[in-house]
Amino acid sequence: MHIVLTGVFLVLIVISGSYLVYRARLAVETELISSMVFAQTFISALMAEAQSREEFVAQVDVLQRNADVRHIRLSVSEDAPGNNEVETPKVAGVPHWFTQAVSPSPGRLVQSFGIAGRPSWLSITADPSAEIREAWSEISFTLSVLCLLFVVASILVFYLVGRAMRPLDQISNALAGVGRGELEVRVSPVGIPEIDLITHGYNGMADTLAQSQQENERLAQRALAVREDEQQHLARELHDELGQSITAIKALAVSIRTHSQSDENQTVSNAASTIASVSTDIYAQVRQMMTRLHPAILDELGLRSALELMMDDWNSHHEDTFCEWEFSGDADQLDGGERINVYRIVQEALTNVAKHANATKVRVRLAANATNDIELRVKDDGRGFNEDAVERGLGLRGMRERATALGGILQVHSVPNDGTALELRFKARAA
């Protein structure tokens, strides 16, 4: 904005200067023509009255010293002039470019006459030096005033426009913050009606977005809680109902096999063994389902033990990728909702490593300090990815929802061929 206004001022000064130079050239030319006409008229009168050449030359000398014929040089000679063109004069104290710009086309007016039979030549030459000097004095003063006004106007514009644009900069920064999810920023009115209208609209929009975000977070937390409750309930039902039924089936099968050891009942014994083996496999699968739905060990032994069991199970099923862990502080201070959310985030992070990372090692670190600050970090040495080019999936979205439910911040950093790091920080609610 400032550059545009400065450019406009400079263009106006150039146009004004060009016009002043043009007017100065017309004034110099008009003054010189007027002096030439006056000199020619006066010389013609002298020529008519002079009785001799000497008398005429004397009268020309008197005329030359007369102030009324300034800008004119007169000379009398017996030799005819050879060239009527003269060079542009150099005027002291005036730039040469200005002299060239305002000087009319240089010329010499020569008139001949004869007295007592002897030919003589009169040269009348235009001398614009005095007029150019006067024009330069006026124009330089005018241009100086214009430049001073330009500087003052630039300072005022810089100050006033800067002051007027400052609220817009604040609004622009606030809108950029909204794009980053920072909805707590508000812009204060500045007393300019138009800008205050924009400010009011932005603040209203930010309030609405903040309320919508809080409502979405509340709904997301509620949905997570309901889902975990349902999964916990389903796990308990599987354990209480299906688990007991499978155990009963297995017990009956073992009883049948025990009472059918004779050769004639070998077929029944084999079938009973098969039923017992299948029952064992089904029960193992049901236990895995119950663990995935809701790890009972999380409620019984705490977060640390549940994570250790998860990572032991990981290492037993992923020979190419070893998972090591580090726990510090008392992470079991978390309440039930916080424990399950941290557990699910680690679970999803390890699932992503198995699916996408092609890593040889993954490290899980969970730290808690005396002020209830919790920090979780999952780092692998896999192939990584370009954060700008990869579309974020449902897994990462789910982890972010859980981080929001914890009141924390989840960050994912990845560089191609340099692994991926997931970091979660939040403050525990439980003491």
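Basis for what follows: all heavy atoms, side chains included, without hydrogens, waters or symmetry-related copies.
Atom-to-atom distance recorded for Met310:CE and Ser305:OG is 12.0 Å, nearest 0.5 angstrom. A distance of 8.0 Å separates CZ in Phe426 from CG in Leu376, rounded to the nearest 0.5 Å. Within the model, atoms CD1 of Ile155 and CZ of Phe150 stand 10.0 Å from one another, a figure rounded to the nearest 0.5 Å. For the atom pair CG of Leu422 and CD of Glu348, the computed distance is 10.0 Å after rounding to the nearest 0.5 Å. Rounding to the nearest 0.5 Å places CG of Leu406 at 4.5 Å from CG of Asn341. Put simply, CG on Asp418 and CG on Asp380 are 10.0 Å apart, with the number rounded to the nearest 0.5 Å.
The backbone N or O of Trp325 sits nowhere less than 3.5 Å from a side-chain atom of Arg365 that would complete a donor-acceptor pair. Between the side chain of Thr321 and the backbone N or O of Thr360, no donor-acceptor pair lies under 3.5 Å. A donor-acceptor pair is defined here as one N or O able to donate and one able to accept, closer than 3.5 Å; such a pair exists between the side chain of Ser414 and the backbone of Phe385. In this structure, the side chain of Asn203 engages the main chain of Val187 through a donor-acceptor pair within 3.5 Å. A donor-acceptor pair under 3.5 Å is formed between the side chain of Arg383 and the backbone N or O of His356. A donor-acceptor contact shorter than 3.5 Å links the side chain of Lys427 to the backbone of Thr371. At least one donor-acceptor pair under 3.5 Å links the side chain of Asn315 to the backbone N or O of Cys323.
Take Ala153 and apply the side-chain contact (heavy atoms from CB on, under 4.5 Å) test, not counting sequence neighbours, and it matches Phe9.
In this structure, Leu396 and Leu410 have side chains that are in contact, with non-hydrogen atoms separated by less than 4.5 Å. Using a 4.5 Å heavy-atom threshold, the side chains of Leu301 and Leu309 count as separate. Contact check for Leu424 versus Arg377: no side-chain heavy atoms found under the 4.5 Å cut-off. Two residues are said to be in side-chain contact when any heavy atoms from C-beta on lie closer than 4.5 Å; Phe322 and Val362 fail this criterion. Taking 4.5 Å as the limit, some side-chain heavy atom of Arg425 sits within range of a side-chain heavy atom of Gln411. The shortest distance between side-chain heavy atoms of Ile345 and Arg400 does not fall below 4.5 Å. Residues Glu338 and Leu303 are not in side-chain contact: their nearest non-hydrogen atoms beyond the backbone lie 4.5 Å or more apart.
Evaluation of the salt bridge (Lys or Arg N to Asp or Glu O under 4.0 Å) test over residues 307-320, restricted to residues two or more places apart or in two chains, returns Arg304-Glu308. Sorted by first and then second residue, the side-chain hydrogen bond (donor to acceptor under 3.5 Å, both in side chains) pairs with a member in residues 135-149 form an empty list; sequence neighbours excluded.
Residues His318 and Ala354 share a closest heavy-atom pair of NE2-CB, 3.8 Å. Pairing each heavy atom of Arg339 with each of Leu334, the nearest pair is NH1-O, 2.6 Å. The two residues Met311 and Val346 make their nearest non-hydrogen contact at CE-CG1, 4.1 Å. Considering every non-hydrogen atom in both Leu143 and Gly17, the closest pair reads CD2-CA, 3.9 Å. When all heavy atoms are compared, the tightest approach of Trp314 to Leu350 is CZ3-O, 3.1 Å. Taking each heavy atom of Ala368 and Ile374 in turn, the nearest pair found is CB-CD1, 3.4 Å.
Atom CZ of Arg23 sits in a sparse spot, with 12 or fewer heavy atoms from other residues, nucleotides or ligands closer than 6.0 Å. Within 6.0 Å of atom CD1 in Ile409, 12 or fewer heavy atoms from other residues, nucleotides or ligands are found, so the atom counts as exposed in its surroundings.
Salt bridge status for Asp207 with Arg186: present, with a side-chain N to carboxylate O gap under 4.0 Å.
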- With side-chain contact (heavy atoms from CB on, under 4.5 Å) as the test, would you mind laying out the steps for Met399 and Asn352 before giving the verdict? CA-CA 11 Å; Met399 287 190 286; Asn352 289 339; 3.7 Å; yes
